[in-house]
Q: 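First the structure, then my questions, so here it is.
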Amino acid sequence: MIPFLSRVRVVLMIGIPALLFCTLVRLDTRAQERHFPQTAGVDDSKMGPYRALAQLTFAASQKGDTALAAKLGRILERTWDKSEDYGGETALSKTNRTLFDEIDKAMDRFISPLVAHPKESPDAAAVKAAYNLYLEKLKQAD
């Protein structure tokens with residue numbers, strides 16, 4: 001009977017701290033992921049409108065509506081450029097020029113094949129990869 005109780009005690013002494021550690025690690029990774037409130041499906045964050053436009057652009061390209069994807073891509077580009085032009089001292093181009101340039105280049109890689117050929121379907125895999133990279137860059141600026 002005593003060896004059984006010793007095993008139970010060992011399991012409890014090792015198992016409970018291990019479970020507690022796993023729980024804390026899981027909570028820590030959740031805390032790192034930001035979730036913004038939304039209005040009508042658009043994040044109420046600094047990069048939310050750009051993310052929403054990119055999502056609409058990507059969805060149109062995936063459905064084969066290349067004209068709409070090109071139009072939305074152009075709107076995304078103009079919105080980004082104009083908001084940075086008129087953003088004053090809080091504009092990302094003023095507060096973090098390196099990140100601004102990275103996002104701008106990622107956006108260009110995403111929308112260029114769509115805007116340049118509004119009647120042709122670009123390489124879907126390349127568009128998806130550029131889209132995902134663009135979204136990752138936007139997360140860095142939120």
Q: Are any side-chain N or O atoms of Thr66 and backbone N or O atoms of Ser121, one a donor and one an acceptor, separated by less than 3.5 Å?
A: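 Such a contact is absent between Thr66 side chain and Ser121 backbone.
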
Q: Atom CE in Met107, atom CG in Asp81: separation rounded to 0.5 Å?
A: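 Separation between the atoms: 5.5 Å.
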
Q: Less than 4.0 Å between a side-chain N and a carboxylate O, is that true for Glu89 and Lys94?
A: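 Not counted as a salt bridge, because no side-chain N and carboxylate O are separated by less than 4.0 Å.
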
Q: Would Val115 and Leu133 show up in the same hydrophobic cluster when neighbours are defined by side-chain heavy atoms closer than 4.5 Å?
A: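 In one cluster with Val115: Leu133, no.
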
Q: Give a yes or no on whether Lys46 atom NZ has more than 12 heavy-atom contacts from other residues, nucleotides or ligands under 6.0 Å away.
A: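 Correct, the count exceeds 12.
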
Q: Could you check Leu92 against Met47 for side chain to side chain contact (heavy atoms under 4.5 Å, CB included), going step by step and ending with a plain yes or no?
A: CA-CA 10 Å; Leu92 186 62; Met47 297 297 133; 4.2 Å; yes

Q: Could you note down all residue pairs passing ring-ring contact (aromatic ring centres under 6.0 Å, His included) where residues 103-127 supplies at least one of them, sequence neighbours left out?
A: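 Residue pairs passing ring-ring contact (aromatic ring centres under 6.0 Å, His included), neighbours aside: Phe110-Tyr131.
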
Q: Which pair of heavy atoms, one from Asp142 and one from Gly48, lies closest together, and at what distance?
A: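 Between these two residues, the closest heavy atoms are OD1-N, 4.4 Å.
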
Q: Could you tell me the separation between the CD1 atom of Ile111 and the CD atom of Glu77, rounded to the nearest 0.5 Å?
A: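 If I round to the nearest 0.5 Å, the distance is 4.0 Å.
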
Q: Are Leu138 and Ile75 linked, directly or through other ILVMFWY residues, by side chains that come within less than 4.5 angstrom of each other?
A: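 As far as the 4.5 Å side-chain criterion goes, Ile75 and Leu138 are connected within one cluster.
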
Q: Check Leu135 against Ala54 and note the closest heavy-atom contact, atom names and distance.
A: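 That closest heavy-atom pairing would be CD2-CB, 4.4 Å.
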
Q: Please identify which of these residues, Val127, Asn132, Leu53, meets the side-chain contact (heavy atoms from CB on, under 4.5 Å) condition with Phe58.
A: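 Between Phe58 and the candidates, side-chain contact (heavy atoms from CB on, under 4.5 Å) is satisfied uniquely by Val127.
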
Q: Enumerate the residue pairs fulfilling ring-ring contact (aromatic ring centres under 6.0 Å, His included) with a member in residues 61-87, sequence neighbours excluded, ordered by first and then second residue.
A: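 Every ring-ring contact (aromatic ring centres under 6.0 Å, His included) pair that includes a residue of residues 61-87, provided the two are not neighbours, is Tyr50-Trp80, Trp80-Phe100.
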
Q: Are side-chain heavy atoms of Gln140 and Glu102 found at a separation under 4.5 Å?
A: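 In short, these two side chains touch, coming nearer than 4.5 Å.
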
Q: Can you find a pair of side-chain heavy atoms, one from Arg51 and one from Tyr134, that are under 4.5 Å apart?
A: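 No, side chains not in contact.
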
Q: Closest approach of Leu72 and Ala60, non-hydrogen atoms and distance?
A: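 Closest heavy-atom pair between Leu72 and Ala60: CD1-CB, 4.5 Å.
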
Q: Cluster question for you: counting only ILVMFWY and a side-chain heavy-atom cut-off of under 4.5 Å, with indirect links fine, are Leu99 and Leu76 together?
A: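 In one cluster: yes.
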
Q: Roughly how far, to the nearest 0.5 Å, is CD1 of Ile103 from CD of Glu136?
A: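 Those atoms lie 11.5 Å apart.
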
Q: Go through it in stages, so that I can follow the logic: the residues are Leu68 and Leu56, the test is side chain to side chain contact (heavy atoms under 4.5 Å, CB included), and I'd like the CA-CA distance, side-chain angles, deciding distance and then a yes or no.
A: CA-CA 9 Å; Leu68 180 59; Leu56 292 170; over 6 Å; no

Q: Taking only Lys NZ, Arg NE, NH1 and NH2, and the carboxylate oxygens of Asp or Glu, determine whether Lys105 and Asp101 approach each other closer than 4.0 Å.
A: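 Salt bridge flag = no for Asp101 with Lys105.
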
